[in-house]
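Working notes, structure below.
Values below: all heavy atoms of this structure, side chains included; hydrogens, waters and symmetry mates excluded. The chain is numbered in sequence order, starting from 1.
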Amino acid sequence: MTSRDYNMAVDQYADGVFRFALKHLKNESDARDIVQETYIKVWEKKSNIAGEKVKSYLFTTAYHSIVDWVKTEKRQGAAWKDEMAGQTEQAPFDLKETLDRALDQLPLIQKTVVLLRDYEGYSYHEIGEICELTEAQVKVYIFRARQTLKGILKEIEYLI
């Protein structure tokens, strides 16, 4: 990959990588850090990356950075916030917020494959490359995630 290819990758994919990280981390600062770390790693490995594979490489690198971040946070004792627990007052219904809360309850791999498929539009094959899974595994994770989301959303429907 040339410097020109790298700059084009920044222009074309930085927003997508940021959205992907933000959906996982729920913190803009942390998501920006993931994007920066991802692009630094791509720059360091640019001579080994084919220009047509840069998008897949970016999301794969971002995914692994997110996994590392989550492990580090858990090790340091920072728990994922369960925004649903302890809510006592009824807030106005917000579909986006409700979907985000439901996504947050999924295991990391399920959340990742759903975000890549439904938010970023990747094919099963591309998701498999990014997450180092077979296409069959990707389909199973997506199916299970959607089933879990369906159950969560039904529970929320009863609360509303």
Side-chain angles (χ1 to χ4, degrees), residues 1-75 80-81 83 95-156:
M1 172 170 58
T2 65
S3 295
R4 184 175 181 268
D5 292 335
Y6 178 84
N7 289 332
M8 285 177 43
V10 171
D11 292 340
Q12 291 178 344
Y13 306 120
D15 290 340
V17 173
F18 176 75
R19 283 191 312 271
F20 179 67
L22 185 60
K23 284 288 186 188
H24 277 86
L25 305 176
K26 302 293 182 213
N27 180 299
E28 286 189 24
S29 177
D30 293 334
R32 282 190 205 104
D33 289 346
I34 293 293
V35 172
Q36 185 174 6
E37 182 179 323
T38 297
Y39 275 95
I40 288 170
K41 288 177 181 177
V42 168
W43 179 256
E44 290 171 348
K45 303 269 183 180
K46 71 178 179 177
S47 61
N48 300 328
I49 303 170
E52 66 275 1
K53 294 284 188 179
V54 69
K55 183 178 179 184
S56 176
Y57 191 89
L58 283 166
F59 279 88
T60 300
T61 304
Y63 168 71
H64 288 292
S65 295
I66 290 166
V67 169
D68 291 344
W69 183 89
V70 169
K71 287 178 184 175
T72 300
E73 288 296 308
K74 285 184 179 180
R75 225 181 338 223
W80 287 89
K81 294 179 183 174
E83 297 174 20
L95 181 59
K96 182 185 177 314
E97 183 178 319
T98 302
L99 287 172
D100 286 344
R101 287 180 179 172
L103 279 169
D104 287 343
Q105 294 181 42
L106 294 175
L108 182 62
I109 188 64
Q110 289 181 9
K111 182 177 180 180
T112 299
V113 296
V114 166
L115 290 174
L116 288 172
R117 179 73 179 166
D118 296 336
Y119 284 74
E120 298 298 329
Y122 278 97
S123 70
Y124 295 119
H125 177 75
E126 291 171 320
I127 295 168
E129 287 181 353
I130 290 169
C131 297
E132 299 173 353
L133 302 168
T134 65
E135 283 186 49
Q137 289 173 311
V138 170
K139 290 176 183 178
V140 167
Y141 281 128
I142 289 174
F143 175 79
R144 289 179 182 164
R146 288 177 178 163
Q147 291 298 105
T148 302
L149 289 171
K150 184 178 176 182
I152 292 168
L153 293 174
K154 280 186 178 180
E155 288 176 19
I156 292 171

Distance from [X] atom [atom1] to [Y] atom [atom2], nearest 0.5 Å?
{"X": "Leu116", "Y": "Phe20", "atom1": "CG", "atom2": "CZ", "answer": "4.0 Å"}
{"X": "Leu133", "Y": "Lys139", "atom1": "CG", "atom2": "NZ", "answer": "13.0 Å"}
{"X": "Ile66", "Y": "Trp69", "atom1": "CD1", "atom2": "CH2", "answer": "9.5 Å"}
{"X": "Thr112", "Y": "Tyr63", "atom1": "OG1", "atom2": "OH", "answer": "5.0 Å"}
{"X": "Ile34", "Y": "Phe18", "atom1": "CD1", "atom2": "CZ", "answer": "11.5 Å"}
{"X": "Lys111", "Y": "Leu149", "atom1": "NZ", "atom2": "CG", "answer": "10.5 Å"}

Min side-chain heavy-atom separation [X]-[Y] under 4.5 Å:
{"X": "Glu120", "Y": "Leu115", "answer": "no"}
{"X": "Ile127", "Y": "Arg117", "answer": "yes"}
{"X": "Ser123", "Y": "Glu135", "answer": "no"}
{"X": "Glu132", "Y": "His64", "answer": "yes"}
{"X": "Val42", "Y": "Met1", "answer": "yes"}
{"X": "Asp118", "Y": "Arg146", "answer": "yes"}
{"X": "Cys131", "Y": "Ile109", "answer": "yes"}

Going by side chain to side chain donor-acceptor pair (under 3.5 Å), name the residues that satisfy it together with Gln137, two or more places apart in sequence or in a different chain.
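Counting only residues at least two positions away or on another chain, Gln137 forms a side chain to side chain donor-acceptor pair (under 3.5 Å) with Thr134.
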
Under 3.5 Å, is there a donor on one side chain and an acceptor on the other for Ser65 and Asp68?
no

Among all residues two or more places apart in sequence or in another chain, which pass the salt bridge (charged side-chain N to carboxylate O under 4.0 Å, His left out) test with Glu126?
none

Asp5 (side chain) donor-acceptor with Thr2 (main chain) under 3.5 angstrom:
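Such a contact is found between Asp5 side chain and Thr2 backbone.
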
Just by modelled atom types, is the Tyr6 backbone N or O under 3.5 Å from a matching donor or acceptor in the Tyr39 side chain?
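Side chain of Tyr39 to backbone of Tyr6, a donor-acceptor pair under 3.5 Å: no, none is there.
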
Testing the basics here: between [X] and [Y], what is the closest heavy-atom pair and its distance to 0.1 Å?
{"X": "Ser56", "Y": "Glu129", "answer": "OG-OE1, 3.6 Å"}
{"X": "Val54", "Y": "Ile49", "answer": "CA-CG2, 4.1 Å"}
{"X": "Asp100", "Y": "Lys23", "answer": "OD1-NZ, 2.9 Å"}

Criterion side chain to side chain contact (heavy atoms under 4.5 Å, CB included) against Thr61, the qualifying member of Ile130, Val17, Thr38:
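Answer after filtering Ile130, Val17, Thr38: Thr38.
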
Could you go step by step and tell me if Leu108 and His24 meet the side chain to side chain contact (heavy atoms under 4.5 Å, CB included) rule?
CA-CA 8 Å; Leu108 182 62; His24 277 86; 3.2 Å; yes

Summary of ring pair (Phe, Tyr, Trp, His ring centres under 6.0 Å) pairs that have at least one residue in residues 115-136, sequence neighbours excluded
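Every ring pair (Phe, Tyr, Trp, His ring centres under 6.0 Å) pair that includes a residue of residues 115-136, provided the two are not neighbours, is Phe59-Tyr122.
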
